[in-house]
Amino acid sequence: MEKVLTDFVKALRNSNVRVSPAETLDAMSVIDEIGYDDRELLKRSLSIVLPKTPDEKQKFETCFDDFFSDEIKKQVPVALKELKDIEDVESDLAKKLLEGSQAELMISIADAAEASEIREIRYFTQRSVFTRRILEKMGVGKLEDELMSIGSSRQDDIPTELEQELRNQLTGLRERVSDYVQQQFLLHGDVSGEQLREQVFKSMNMAQIDRSYLHEVHSLVRKMAKKLANLHSRRKKNYRRGKLDIRKTIRENWVNQGVLFNLSWSYKKVDRPKIYVICDVSGSVGAYARFMLMFLFSLTEVVSKLRAFVFSSNLGEVTDEFKDSNLDKAIETALQKHGGGSTDYGQALTDFVSLCIDEIDKKTTVVILGDARNNFGPEKANLMKIINDRSKQVFWLNPEGKYRWDTGDSVMTTYSAYCTKVFQCGNIEQLERVISTLLKTAI
Amino acid sequence: MSDGPKKTINKITKGFAKHGYICSDQISTAVYLASELEKPILIEGPPGVGKTELANTAAMYFKKELIRLQCYEGLDESKALYEWRYGKQLLYTQILKEQMQEVLEGAKGLKESLGRLMKFEDIFFSEDFLETRPLLQALTSDKGSVLLIDEVDKSDEEFEALLLEILSEFQISIPELGVREAKVKPLVMLTSNNSREIGDALKRRCLHLYIPFPDAKLERQIVQARVPEISESMQIQLVNFVQGIRQLDLKKQPAISETIDWAKTLILLNSEELEAKLAEETLNILLKHQQDIEVVKKEIPALISSATETSDGKSIN
């Protein structure tokens, strides 16, 4: 019986419910307590032990219903009248079907499945292929031939009892195999296809991600951002406000005969990293800005002060839009308001410097996202120098491949002289890496 | 004990109802499992669905003491676990100094004095000077207790780590004294409003119960239990009305506690039927945001007509 549970846990993991071994043990002891008799009770109890968020609970519901689909109903009583029929059929499968041993049939299905490498099943489209393969391995072909010959050998149109029985059994077998494959798919396959999709999205060029997938990408980005936030939040929290540490004070003054002479403080350093993001949202780079901003604004837990600016020719601040409304809408309005038009990095830098150079201090990280294609306009690299001098660090993220830098109107080298670090940042994976570095150094 | 799990669960449901807490099967199953497996329950759900009340009722049902720890940002071990009585400790050292003379009297040489000093019982760090806080209290309680750790999500992440030892092993390590184990394992309930995601480590150690807003039938039972003096037609209309409001897009949905407050208010105002004017005037009991009130005001006629309609339908049936 334990195998049923572990298989179920595996199926759960496949549909993206995180279940740890410890929780499996819990589930085991729950089942010891309540048994398998009552389906509803089992479902209710397991839903308390295994899934740990409302979202997971929903997935659990569907997974449970799929997995524990009423297997019992398939136990068809075999209407086997005359055993002598068995001698009339030739193929092994027909004999097995007529013998009607459910257990044996199940074993042969499992064997055939093993032989057709059912473990390799990954996608739900493969189900019918595997069903056919298993049936073939079990010798359905021979059985069908035999049925044909029986059919053609008889004179009248009325099928014999034996033929009828065989056909019924065959339909039953097909159903059973397809159920078996479905269950195996739950165990081995990537049920929702999510892992595959995530993998693709992560390594895909951000500009090429279709708009219809934005929602899914957003949830992926949020997931990654959460991971980063977890990684970096602890360090920040260790340094916070200070107060008298009585325990430590008394311990330390024990040597002064208990006279509180030296006070100890539980120091917590206040550290407020500031991040200023400047995004080029013109033309093709706009798509990258979308993901970049998506990522950063999912990080509000760790980044206490974040200001975002976008530009194509003139610079505009979009921080408030992102703070208030939902991200998708904010990105749309930002792109609409400031997007399009020809890029002018010189003008954007001028605007940025006049707008908030005074606020930039040694705790500030400035992140610039753009392809540095300046339409042969003035570069104003001296402004970059000013920004670099005043800030803690300047990061430049260029979505273009390195081989394209400095070709045509790109002035990447000119600007990169004044950057602490320059990254190529074309897909989400790279973006994650960059932001991880950013958090590590900005705090 | 020999009762089947189902029977016990039904018993819990009934026992809770006696104390005025109407719970779904899900909730009673969770309570049953928590008491059988001796595992803490993490209760999540929107505010006002009776998470804290569940712990109160459980304490009454199991006839155990309720020990409550309200979490907030900055809560640390000295407020949650234990604290030394510093004042008393200081006084103790004063006494010790005077005693020392007697102890050391007649001792020759440094070695002998030191020997005597070593033999001298030291109680500086001992239970006598230990001020127990809720978590330690729950462990040392002789009769067992229900420990409610309220709004865990409001505390810091470090505090969560502090809870891990207690939740999985039911023990606390005090560096100066060693490990204190629970005399009787308490029934632990943690509540969270999900203002911050609870860490996986904590979640893994707990059973997880999500209490959603109740459906109409359950909510009616709850109102009936909590406000017994309400007339049946009024009760049905009221619940339907609230259920209708929850369908709207609001900043904060009205919870059960608000439904109950509203029912009490309407009783106080001696109203027999749900009228538009009355509903509008008392809406601020259900809704806590001006924007929400504005939204709902517009919908009141439609909500009331649908609420009374369904109640009429029910009464005909």
Side-chain angles (χ1 to χ4, degrees), chain A residues 18-35 37-38 40-58 60 222 226 229-230 233-238 240-241 243 245-251 253-254 256-260 266 268 301, chain B residues 4-6 8-9 24-39 41-46 73-74 76-78 83-84 86-87 89-94 96-97 124-125 156-158 161 168 176 194 196-212:
Chain A
R18 287 178 55 179
V19 182
S20 69
E23 282 161 335
T24 315
L25 286 176
D26 287 349
M28 215 91 94
S29 49
V30 164
I31 288 173
D32 281 348
E33 201 67 48
I34 58 159
D37 310 332
D38 188 333
E40 268 312 300
L41 180 63
L42 180 69
K43 186 173 172 184
R44 243 187 290 139
S45 309
L46 287 183
S47 87
I48 290 169
V49 187
L50 295 173
K52 299 277 161 99
T53 63
D55 188 35
E56 282 182 355
K57 291 217 186 230
Q58 237 165 26
F60 172 87
R222 214 171 319 162
K226 213 189 123 210
N230 276 342
S233 64
R234 183 147 311 207
R235 221 161 31 129
K236 184 192 134 204
K237 286 203 163 165
N238 280 341
R240 224 176 25 193
R241 65 176 172 253
K243 61 178 185 197
D245 188 341
I246 299 178
R247 184 182 295 218
K248 215 167 149 198
T249 306
I250 289 182
R251 281 276 172 84
N253 288 294
W254 188 220
N256 306 328
Q257 298 189 332
V259 179
L260 304 184
S266 50
K268 294 203 168 174
E301 271 176 60
Chain B
K6 229 173 171 184
T8 323
I9 291 172
S24 62
D25 286 348
Q26 190 74 33
I27 295 176
S28 40
T29 310
V31 173
Y32 166 74
L33 287 177
S35 66
E36 286 299 312
L37 303 178
E38 301 183 321
K39 286 199 126 255
I41 325 180
L42 172 64
I43 309 166
E44 287 189 309
E73 210 182 314
D76 57 11
E77 54 176 0
S78 65
E83 176 80 302
W84 296 105
Y86 297 114
Q89 274 179 328
L90 285 181
L91 286 175
Y92 169 70
T93 59
Q94 301 291 332
L96 207 61
K97 235 189 302 182
F124 190 78
F125 287 121
D156 306 312
E157 268 172 52
E158 299 91 87
S168 56
E176 294 86 350
N194 241 342
R196 140 180 105 74
E197 189 80 12
I198 305 292
D200 283 340
L202 185 66
K203 274 191 171 169
R204 212 176 299 139
R205 281 165 175 82
C206 300
L207 304 175
H208 185 271
L209 173 66
Y210 183 78
I211 308 183

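Every value quoted in this text rests on a predicted model; they were computed, and no experiment measured them. Protein chains get the first letters and strands the later ones, always in sequence-line order, with residue 1 at the start of each.
- Annotation: B/E176, atom CD; neighbour count of heavy atoms from other residues, nucleotides and ligands within 6.0 Å is above 12.
- Within the 4.5 angstrom heavy-atom criterion, atoms from both the backbone and the side chain of B/D25 approach chain A.
- Both the backbone and the side chain of B/L207 come within contact range of chain A, judged by heavy atoms closer than 4.5 Å.
- Of the listed residues (B/L37, B/L96, B/I41, B/L42), the greatest number of heavy-atom pairs within a distance under 4.5 Å of chain A belongs to B/L37.
- At a 4.5 Å heavy-atom cutoff, the contact between B/I9 and chain A is made by side-chain atoms alone.
- With a threshold of 4.5 angstrom between heavy atoms, B/F125 approaches chain A through side-chain atoms but not through N, CA, C or O.
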- [ ] Applying side chain to side chain contact (heavy atoms under 4.5 Å, CB included), run through A/S29 and B/E36 and close with a yes or a no.
- [x] CA-CA 10 Å; A/S29 49; B/E36 286 299 312; over 6 Å; no
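- The heavy-atom pair separating A/K52 from B/H208 by the smallest distance is O-NE2, 3.0 Å.
- Between chain B and the options A/D32, A/I48, A/D26, heavy-atom pairs under 4.5 Å are most frequent for A/I48.
- At a threshold of 4.5 Å between non-hydrogen side-chain atoms, the residues A/I34 and B/Y32 count as touching.
- In this structure, the separation between CG on B/L33 and CG on A/L46 is 9.0 Å, given to the nearest 0.5 Å.
- Taken to the nearest 0.5 Å, the CD atom of A/E56 stands 13.5 Å off from the OH atom of B/Y210.
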Open item on the list: Using side chain to side chain donor-acceptor pair (under 3.5 Å), reason through A/S47 and B/Q26 one step at a time and then give a plain yes or no.
Closed with: CA-CA 9 Å; A/S47 87; B/Q26 190 74 33; 2.9 Å; yes
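- Of all the heavy atoms in A/E23 and B/K203, the pair that sits closest is OE2-O, 4.3 Å.
- Interface remark: A/I250 contributes side-chain atoms only to the contact with chain B (heavy atom separation under 4.5 Å).
- The shortest non-hydrogen separation linking A/R44 to B/T29 is NH1-OG1, 2.6 Å.
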